[in-house]
Amino acid sequence: MGTATSLEKQVQKDYLYMRMARTWAENSYCTRRKVGALLVKDQMIISDGYNGTPSGFENTCEDEHNVSKPYVLHAEANAITKVARSHNSSEGATLYVTASPCMECSKLIIQAGIKRVVYGECYRIMDGIDLLKRAGIVVDYLPTE
């Protein structure tokens with residue numbers, strides 16, 4: 001039996017980190033959609049996030065009409081701002097996120113120096129993915145196993 005190539009090992013790690021991001025998404029109090037994100041650098045998780053309201057706010061993401069409140073943070077934004085408050089740097093990191101990033105999160109990803117994004121579901125608006133590719137960020141779609 002041969003040994004796995006580095007590409008095969010990377011794909012295995014990608015699936016593992018994506019499963020972890022999906023598990024992390026379960027922490028979200030949002031009812032319409034739960035999204036999780038992990039920031040990985042040098043084979044270490046340096047940050048994590050899930051969609052929800054800012055610290056100190058009520059843990060309710062939707063209003064009485066089941067519309068997301070305008071101040072709900074996306075999982076990617078939570079992971080990026082969390083690493084910004086730590087001693088780590090997201091420069092050169094990979095972001096694993098359960099849903100494709102929106103335009104606003106994609107701008108944060110670019111500015112944070114993240115070099116690769118792996119996402120698990122396509123959101124109805126894909127302009128964020130287009131922006132990431134335009135910025136030269138490696139983007140990989142990794143559907144649910």
Side-chain angles (χ1 to χ4, degrees), residues 1-57 59-62 67-145:
M1 193 166 228
T3 58
T5 66
S6 60
L7 178 62
E8 290 169 330
K9 287 180 184 176
Q10 185 60 58
V11 170
Q12 289 172 347
K13 287 179 186 174
D14 287 347
Y15 275 107
L16 173 67
Y17 287 129
M18 189 58 73
R19 280 195 308 273
M20 293 170 75
R22 278 194 289 275
T23 299
W24 199 243
E26 294 171 19
N27 287 304
S28 175
Y29 288 94
C30 298
T31 55
R32 290 179 56 221
R33 169 172 278 197
K34 294 177 183 295
V35 179
L38 292 179
L39 258 176
V40 177
K41 184 175 176 179
D42 301 326
Q43 299 184 42
M44 289 188 310
I45 297 169
I46 60 167
S47 190
D48 53 56
Y50 51 86
N51 56 329
T53 55
S55 299
F57 282 66
N59 286 324
T60 308
C61 298
E62 294 84 13
V67 174
S68 289
K69 294 176 180 174
Y71 51 88
V72 168
L73 289 159
H74 291 183
E76 307 93 313
N78 267 325
I80 291 167
T81 56
K82 189 174 179 180
V83 79
R85 293 178 69 176
S86 75
H87 296 289
N88 281 316
S89 166
S90 54
E91 186 72 36
T94 296
L95 176 72
Y96 293 87
V97 61
T98 59
S100 57
C102 70
M103 179 62 80
E104 292 302 311
C105 287
S106 292
K107 291 189 278 187
L108 292 175
I109 290 164
I110 294 164
Q111 291 300 96
I114 294 165
K115 295 299 176 205
R116 181 171 178 243
V117 174
V118 181
Y119 67 99
E121 294 175 21
C122 296
Y123 188 59
R124 60 186 167 82
I125 303 168
M126 296 294 286
D127 57 355
I129 293 293
D130 295 338
L131 184 68
L132 293 173
K133 289 177 181 176
R134 185 172 161 202
I137 293 172
V138 176
V139 178
D140 291 316
Y141 172 56
L142 192 68
T144 304
E145 296 174 276

Taking the side chain as every heavy atom from C-beta outward, state whether Thr98 and Tyr119 have any pair of such atoms under 4.5 Å apart. no
Any side-chain heavy atom of Lys115 sitting closer than 4.5 Å to one from Glu91? yes
Output, in order, the C-alpha distance, side-chain angles, deciding distance and verdict of salt bridge (charged side-chain N to carboxylate O under 4.0 Å, His left out) for Glu8 and Lys13. CA-CA 9 Å; Glu8 290 169 330; Lys13 287 179 186 174; over 6 Å; no
Got a second to check how far Trp24's CH2 is from Asp48's CG, nearest 0.5 Å? 4.5 Å
Side chains of Asp140 and Val117, heavy atoms from C-beta outward: is any pair under 4.5 Å? no
Roughly how far, to the nearest 0.5 Å, is the NZ atom of Lys69 from the SG atom of Cys30? 9.5 Å
From Lys82, Lys41, Arg85, residue fulfilling side chain to side chain contact (heavy atoms under 4.5 Å, CB included) relative to Ser47: Lys82
So that I can tick it off, tell me whether Glu76 and Lys107 are bridged by a salt bridge, with the cut-off set at under 4.0 angstrom between side-chain N and carboxylate O. no
Is Ile114 close to Ile80 at the side-chain level, that is, under 4.5 Å between some pair of heavy atoms? yes
About how many Å separate CG of Leu132 and CE of Met103, when rounded to the nearest 0.5 Å? 9.0 Å
Quick check: does any side chain N or O of Thr53 sit under 3.5 Å from a backbone N or O of Cys61, one acting as donor and the other as acceptor? no
Within a strict 4.5 Å, meaning less than it, do heavy atoms of the Pro101 and Ile129 side chains meet? yes
Is there a side-chain contact between Tyr96 and Arg116 in this structure, where contact means two heavy atoms from C-beta onward sitting under 4.5 Å apart? yes
Quick one: does any side-chain atom of Thr60 pair with a main-chain N or O of Glu62 as donor and acceptor, under 3.5 Å? no
Give me the atom names and distance for the closest heavy-atom approach of Ser106 to Gly128. OG-O, 3.0 Å
So do the side chains of Ile110 and Ile137 get within less than 4.5 Å of each other, counting heavy atoms only? yes
Supply the atom-to-atom distance Ser90 OG to Gln111 CD, rounded to the nearest 0.5 angstrom. 10.5 Å
Rounded to the nearest 0.5 Å, what's the gap from OG1 on Thr23 to CE on Met20? Could you check? 8.0 Å
Can you check whether Asn51's main-chain N or O pairs, donor with acceptor, with Ser28's side chain at less than 3.5 Å? yes
Between Asp127 and Arg134, is the closest basic N to carboxylate O distance under 4.0 Å? no
Between Leu95 and Ile109, is a side chain to side chain contact (heavy atoms under 4.5 Å, CB included) present by the stated rule, with each step listed? CA-CA 8 Å; Leu95 176 72; Ile109 290 164; 3.6 Å; yes
Quick one: does Ser100's side chain have a donor or acceptor within less than 3.5 Å of a partner on Cys122's backbone? no
Enter the distance from Ile46:CD1 to Leu39:CG here, rounded to the nearest 0.5 Å. 5.0 Å
Is there a side-chain contact between Thr94 and Val118, using heavy atoms and a 4.5 Å cut-off? yes
Check: Tyr50/Asn78 side-chain N/O donor and acceptor closer than 3.5 Å: no
